[in-house]
Every structure is written in structure tokens, then in C-alpha cells.
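All values below come from the heavy atoms of this structure, side chains included, with hydrogens, waters and symmetry mates left out. Just so we're clear, the structure is a prediction, and the values are computed from it rather than from any experiment.
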Amino acid sequence: MFVLGIMEDGETVSMKDHSRQLEFMEIDLTEEPEASAVPVPERSTIPHRQFHSSQTGGSILSSEKRFVEEARQLEEAEGEPAPFVPFMSYWPTYGVMNESQREWYLYWRSEVRQRRFPDTDLSYVFVHTYELINGVGWRDPQAGFDQLKQLWIHYRVRNPQLDMYMQEWLVDYTLVHQLDMPLSEILDISSGYLPAEIQDMEMQRILQNRISDVSLNLLRRYYDYDITLSKFYRDGGQEVLEEFIPKVMVLVDSYLLRTRQEGIANQFIQGKPRTTERVLFRKAVYDDTLYGKTVPLSYVPVGENSDFVQLVTRIFRCTENKCRELLGFRGRLRGKTLEPELAGLIERYLDKVYAAKQAEAAEKPMIRIDPEKLTSLQQESEYVRQALTIEEDVDQAKEAAPFEHQALPEPAKVIATSATSVRLQWEEESAGDLDEDWLHLADQLAPQHVLAIYALLGEKPDTELNRVAEQYGTMPALLLDEINDLAMETIGDLLIESDRIVSEYMNVFEHVKR
């Protein structure tokens, strides 16, 4: 049996009908050719296609409704093992799959439902995601959320672009089904972005119910600087702060309740709620007759409360400085501090907690390695390896021999011999007025950092900075980041912003020796 189709230019063509008229109707002749990337476009840019449903008396269905109808028909289908077939589509649905792609999809979906996650194309992942957000493939909403989360976790490494869609869709799913669960879990998976109103909703919930649930990831939005720029944060401090900050927040809340009869929530979450409408499942194939087009949000915009931001920032600064001290990390964060009584309480508490952790670690049995025995075993292993591969080793040694004593190239020699003479120094009459932290910073700066600072102080900073970076085989941005890392450790602040020395610190460099 054949059906007739009309091409855009009016030509009548015939196409074999595999009892899938709707597959033929799904073909969009106006679409661009398949691309190597698979972005999900705005819904407004996709033609609003319509279909006749055989199960609804021939009524016209939108592409989204048609997708849901087909999804329900295939909901219980189990796929047999099939070869992988590439699939890339700007608007992935069943209708744009060919027979081989559909066979792979059903097999892959069966595997995923068994918590096995074979490699596949992103378009297949989106189709299954669309099924779940339209209520297909689960009976309990929590089970649907768990399936969506597992899809995201297992395919986000291979497809980083999933983050920008899945974190938003999981929030929508949680709101639609009124799941009683922390939205921080979604933020923690991607370690990234959630809309400000969603973060404020989550912060409000935590402060009013269980403040110990607050996470470092959520709090990052409420500091007045980027904590990830700190070298302490990157060099092991993140794990320490993730453990201690929630405990310190509980401590501060208890202190405020005791001294002021008002905890953090009572002081900062009592403003008039703001109400807005959130559009659901943007950029997804979603039938909005299921759960609606929007969902109302009501939240207190705590992120706009400067007093709350200052309190959280000072709590973090006090906690990090104490953790730096306990871990023997040089440098301190500077800026406005907490009242002495509260700061002292936090420091005493951290002393006690850290001492308890040290004592617990000392009680655990330690595994000791005998260095002599380890060396002996390594030598024996090497003898065996050499005996088995002696011919190969000899050949490799012959090939490598000409290069063993190759001299350093001349530019490297020049840098190596001149580096030791480059230091940041101030004129004698000015050096005595400098804070000790600035002198410590000068001691930490490598020659390339000093030359980079000289470049920024010159008449052609960009040109000179590029020259220094080229000389040391690096990039200007990396040099400036390294300087800021050292500045955070010593003076407790960023020295460079927007590729220039911060204006308030320019007076420090007026009397630098060149």
C-alpha cells in the first residue's frame, strides 16, 4: 500500500506506507541539514506541526500532544538487543527516527530502565527525558524524578550541555509534582547555576526548617566575593569548609536566638514575599495541557538583602581564617569582621571540633610501609620486567640515546639566569610604611609575576603583558590569575580586576623600584 505526499514545490510523490503514516507526516522539509552538535532551540523557533490522531476520532493534535500519545503507546515496549545507530535532531521525537534508530532507542531505554547506561547520542537521551517529564514511564512522581536524575548524572560528562537543560527541568518537575525534597540536590549535581528566585526559595526553606542542611554550594551566591578564587579553597580548603560552614551556621543561629531572641530566619526572612510565574519545561517537547504552562513561585528575595549578605560573608571569612590557621595555611582574608564575642565563639568551636577530629584520626590504626621492603619489591619487579622485554628496551634505549644530553635552548638559558634578579622592591623611604602583608606578597611573587606587574604599570600594559607571557611560555590571563591567587593568600584581596591593578591599590605601587 502506498500513500501520497506533497512536497513543498507541489510535486506529488509516493512513499511506501509501513503502517506509519505519522512518521511520514513528521518529516519537516524546511529543517536545516543535520549538524554535528545537538542544541535544543527555543520552542518559538520550531514550526507548530499538527497531526490527525486515529485514536481521537481524527482530531488534530499538536506535535507535543502527538509525541505524548506515541509515548504512551510505546511505554511498555521492551527493546531487543540492536546495533547503535547515530541520531542527531534539533527536535528529537519518534517520528524523525528511522526503523533502525527506533530499534536502538527501545533497546537502549530498556537498558537504562535496568540502571545500565550504554553510550548513546544526546538526541536519544532527550527523547527519554521528554517521556519522563510528560508523565510516561513512571507511576510515582518520585520514581520519575530519580530516573531523570540518573539520566543526567550518567550522561552529563559525555554531554556537558545537558546541565543547562536538566537542572532547569528537574526544578520544574519538582515544583509541578510538589516533591518534598531539597532543591540543593539539583544545584550540587552541576555545582553551578540555578535561577536567583529558585536559590532564594531554597535558602528560605532551609533557614526556616533545618539550617544545618545549608550547603557551601548554595551559600556561594550570598557572599560578596567569589570564594573559588581563593587558593586555600582550591588546595583542600573546599572540603574543610563544606564540612564546617553548615555547623558554624547552626552555631550562629543559636547564638542569635540566645542573645537577641531572633535567629537568622526571624531577622532576614520576614520580608514581603515576591510572587512570579515560572514557565515550565522550556525548550522541551512538553504537552502543557498536562501540568499547565506556568507554575506560581512565592519567595522572599533574601539575596537582595544586603544585611544578610554581609552577615553570611563575615561568617564565611571568620570560618575560613580559622581553618587556615588550624591547617597551617599562610595568609588571611581581610575585611569587616563579626562582633568579637561571636567571632570568639566560632573560633573556640572550631578549635574544639578540629581537636576532636585529630584525636579520632590518631586512634585509628595506621598502615605503615617498610621502605626497604618496598624498594626491594620494586627492584625485583623491575628485574622481571627487564628480562621479559630486554630486546624492546635495548631498541628504545638506542633510539633515545641521541637526546639524553641535549642542551637547553638558548631562550630557556636566558630566562633561567636572569630570573633570580627580578624581585618586587620598594624605595627605602616607602618600604617602612608598608603593611607586612604587602612585603609577604612581594616575597611570594615569581619573576614573571613581577614583570607582569611592571607591565601593568607601564604606558602600554597590554603589549608589555603579552611580551612577558610569551617570554615565559604562558598566557597573560594565567599570569594575572596566579598573581591574584598570591594576593588572596597574603593581602586577603584581589590585586587585579579587568586586567588592571585595582585602583585603590595603585598608591602602593607608586614607589616600586624598577
Side-chain angles (χ1 to χ4, degrees), residues 26 28 31 34-35 37-51 61-75 87-97 101 105 108-109 112 120-138 141-156 158-179 183 186-187 189-190 192-195 197-198 277-297:
E26 281 276 12
D28 185 352
E31 286 188 349
E34 293 180 351
V38 192
V40 177
E42 294 284 354
R43 294 182 64 173
S44 60
T45 67
I46 302 297
H48 189 72
R49 294 167 287 182
Q50 297 179 330
F51 304 94
L61 298 180
S62 67
S63 56
E64 293 84 0
K65 288 180 182 295
R66 179 54 183 161
F67 173 81
V68 174
E69 182 180 281
E70 289 187 282
R72 287 170 179 158
Q73 294 171 5
L74 294 171
E75 184 171 13
F87 176 45
M88 292 181 288
S89 172
Y90 285 103
W91 195 244
T93 61
Y94 312 110
V96 294
M97 293 180 189
Q101 289 167 336
Y105 174 73
W108 169 80
R109 189 183 68 177
V112 167
T120 196
D121 279 343
L122 183 58
S123 290
Y124 289 117
V125 178
F126 276 128
V127 172
H128 190 28
T129 299
Y130 299 156
E131 291 175 343
L132 294 169
I133 66 177
N134 282 286
V136 177
W138 52 263
Q142 183 63 54
F145 178 89
D146 293 340
Q147 291 182 61
L148 282 169
K149 185 176 72 172
Q150 289 302 315
L151 271 180
W152 183 16
I153 291 173
H154 283 88
Y155 290 102
R156 64 186 295 264
R158 283 164 278 182
N159 304 280
Q161 61 268 51
L162 263 180
D163 282 359
M164 63 185 294
Y165 303 113
M166 293 297 281
Q167 59 192 13
E168 295 277 358
W169 293 342
L170 279 171
V171 167
D172 293 340
Y173 187 98
T174 302
L175 297 173
V176 160
H177 298 286
Q178 300 180 355
L179 297 181
L183 294 175
I186 300 171
L187 183 66
I189 294 174
S190 65
Y193 161 85
L194 279 180
E197 63 271 17
I198 299 299
E277 292 287 326
R278 177 178 170 86
V279 178
L280 292 173
F281 303 115
R282 296 185 66 237
K283 303 184 181 180
V285 177
Y286 164 61
D287 178 7
D288 57 30
T289 64
L290 294 172
Y291 311 116
K293 295 181 179 180
T294 63
V295 64
L297 296 181

Step-by-step ring-ring contact (aromatic ring centres under 6.0 Å, His included) determination, Phe126 to Tyr165: CA-CA 10 Å; Phe126 276 128; Tyr165 303 113; 5.6 Å; yes
Backbone of Thr289 reached by a side-chain donor or acceptor of Asp287 within 3.5 Å: yes
Backbone of Pro141 reached by a side-chain donor or acceptor of Tyr173 within 3.5 Å: yes
Asp121 side chain vs Met88 backbone, donor-acceptor pair below 3.5 Å: no
Side-chain touch Val171/Thr174, heavy atoms, less than 4.5 angstrom: no
Sequence neighbours excluded, every pair satisfying salt bridge (Lys or Arg N to Asp or Glu O under 4.0 Å) that has a member inside residues 162-171: Arg156-Asp163, Glu168-Arg278
Test item: Ser123 side-chain N/O and Ser89 main-chain N/O as donor-acceptor pair under 3.5 Å: yes
Flag, side chain of Trp152 to backbone of Gln167, donor-acceptor distance under 3.5 Å: no
Test item: Glu75 side-chain N/O and Gly137 main-chain N/O as donor-acceptor pair under 3.5 Å: yes
Pair Gln150-Asp146, side-chain donor/acceptor within less than 3.5 Å: no
Backbone N/O of Arg282 and side chain of Trp169: donor-acceptor pair under 3.5 Å: yes
Among Arg72, Arg109, Gln147, the one residue meeting side-chain hydrogen bond (donor to acceptor under 3.5 Å, both in side chains) with Glu131: Arg109
